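All of these numbers come straight from a predicted model, not from anything done at the bench. Quick note: numbers below take in every heavy atom, side chains included, and nothing from hydrogens, waters or symmetry partners. This chain uses plain numbering: 1 for the first residue, then up along the sequence.
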Amino acid sequence: MATGATIQRVRSGGMLALALVAASATAQTLNTRWHCRLDDQLLHCRLEHAAASSPTSASPDSRLPTIVRELREQPRAWRGRAVHIPLHTLPFDDSALQPLAQAVLCGANPSCLTEVQRTPAPDTVALLDFVDAQDPLLQAAD
């Protein structure tokens with residue numbers, strides 16, 4: 001049977017391991033950061049930051065398209081340019097957008113981060129008023 005002192009040492013050891021993992025995660029710096037904005041069926045992404053020497057993930061896969069290899073290996077070359085990732089449908093679940101952008105722009109590089117922001121929706125009342133004003137059936141009823 002474990003005594004109270006033994007349990008306390010086990011808890012302390014676990015906390016130490018957890019603290020070491022957290023410290024190593026914060027010590028790892030982000031070398032590349034992309035900001036993406038959802039607009040209809042496209043993700044528009046722009047480079048926010050890229051270190052002078054951004055380490056890439058493992059050796060690039062030669063089966064990837066050239067543009068994807070360039071995005072991952074030389075992100076600084078894309079400064080000031082937009083990358084458009086087509087979705088081919090309206091996204092109903094936003095939870096898949098960030099992993100998609102991360103996979104396309106960063107691959108498995110742990111020092112690369114993507115952020116996705118949805119564009120604000122238009123004012124619904126103003127949009128409905130506009131649609132009603134353009135509807136010929138409603139105009140004929142007046």
Side-chain angles (χ1 to χ4, degrees), residues 2 4-142:
T6 306
I7 293 172
Q8 185 61 32
R9 273 186 251 138
V10 170
R11 285 185 184 158
S12 298
M15 293 302 258
L16 177 62
L18 184 60
L20 289 173
V21 169
S24 68
T26 55
Q28 183 182 42
T29 60
L30 290 175
N31 291 321
T32 307
R33 187 173 54 243
W34 293 89
H35 179 75
C36 300
R37 180 179 49 85
L38 175 65
D39 186 19
D40 198 24
Q41 295 183 24
L42 285 174
L43 279 177
H44 302 283
C45 301
R46 290 199 178 270
L47 183 68
E48 279 191 359
H49 170 75
S53 60
S54 299
T56 60
S57 53
S59 60
D61 189 346
S62 61
R63 296 173 294 175
L64 290 173
T66 305
I67 188 171
V68 174
R69 285 195 313 257
E70 287 177 3
L71 286 168
R72 294 178 184 177
E73 294 173 2
Q74 304 165 5
R76 287 177 65 96
W78 288 85
R79 186 178 303 265
R81 297 169 61 189
V83 177
H84 305 289
I85 302 172
L87 302 177
H88 303 292
T89 186
L90 291 173
F92 295 104
D93 181 13
D94 291 352
S95 66
L97 297 177
Q98 196 279 331
L100 172 66
Q102 185 78 22
V104 170
L105 299 169
C106 300
N109 186 351
S111 66
C112 180
L113 175 72
T114 58
E115 299 171 345
V116 176
Q117 172 188 8
R118 190 180 257 285
T119 54
D123 181 16
T124 307
V125 174
L127 182 62
L128 291 174
D129 287 343
F130 174 78
V131 170
D132 288 346
Q134 305 303 318
D135 189 343
L137 293 175
L138 289 176
Q139 291 175 357
D142 287 339

A.B. asks: For a quick test of reading the model, state the closest non-hydrogen atom pair linking Leu87 to Asp40 and the distance between them.
C.D. replies: CD1-O, 4.5 Å

A.B. asks: Looking at every heavy atom in both Thr114 and Gln98, which two are closest together, and how far apart are they?
C.D. replies: OG1-NE2, 2.9 Å

A.B. asks: As an exercise, state the distance from NE2 of His49 to SG of Cys112, rounded to the nearest 0.5 Å.
C.D. replies: 10.5 Å

A.B. asks: Does a side-chain heavy-atom distance below 4.5 Å link Cys45 with Trp78?
C.D. replies: no

A.B. asks: Which atom pair, heavy atoms only, marks the closest approach of Arg81 to Arg46?
C.D. replies: C-NH1, 3.4 Å

A.B. asks: So which atom in Leu97 and which in Pro91 form the shortest heavy-atom distance, rounded to 0.1 Å?
C.D. replies: CD2-CB, 4.2 Å

A.B. asks: Please assess Gln117 against Leu38 for the test side chain to side chain contact (heavy atoms under 4.5 Å, CB included), listing each intermediate value before the final yes or no.
C.D. replies: CA-CA 6 Å; Gln117 172 188 8; Leu38 175 65; over 6 Å; no

A.B. asks: Does the Arg33 side chain pair with the main chain of Glu48, one donor and one acceptor, at a distance under 3.5 Å?
C.D. replies: no

A.B. asks: For Leu113 and Cys106, work out which heavy atoms get closest and say how close.
C.D. replies: N-SG, 3.9 Å

A.B. asks: Which pairs, with at least one residue in residues 99-113 and sequence neighbours excluded, count as a salt bridge (charged side-chain N to carboxylate O under 4.0 Å, His left out)?
C.D. replies: none

A.B. asks: Quick one: list whatever passes side-chain hydrogen bond (donor to acceptor under 3.5 Å, both in side chains) with His84, sequence neighbours left out.
C.D. replies: His44

A.B. asks: For Arg72 versus Val104, what's the shortest heavy-atom pair and its separation?
C.D. replies: NE-O, 3.3 Å

A.B. asks: Determine whether Leu43 and Arg37 make a side-chain contact, defined as any pair of heavy atoms from C-beta on separated by less than 4.5 Å.
C.D. replies: no

A.B. asks: Using the test side-chain hydrogen bond (donor to acceptor under 3.5 Å, both in side chains), find all partners of Thr89 that sit at least two apart in sequence or belong to another chain.
C.D. replies: none

A.B. asks: So, applying side-chain contact (heavy atoms from CB on, under 4.5 Å) with Leu105, which one of Leu100, Leu47, Val68, Leu71 is it?
C.D. replies: Leu71

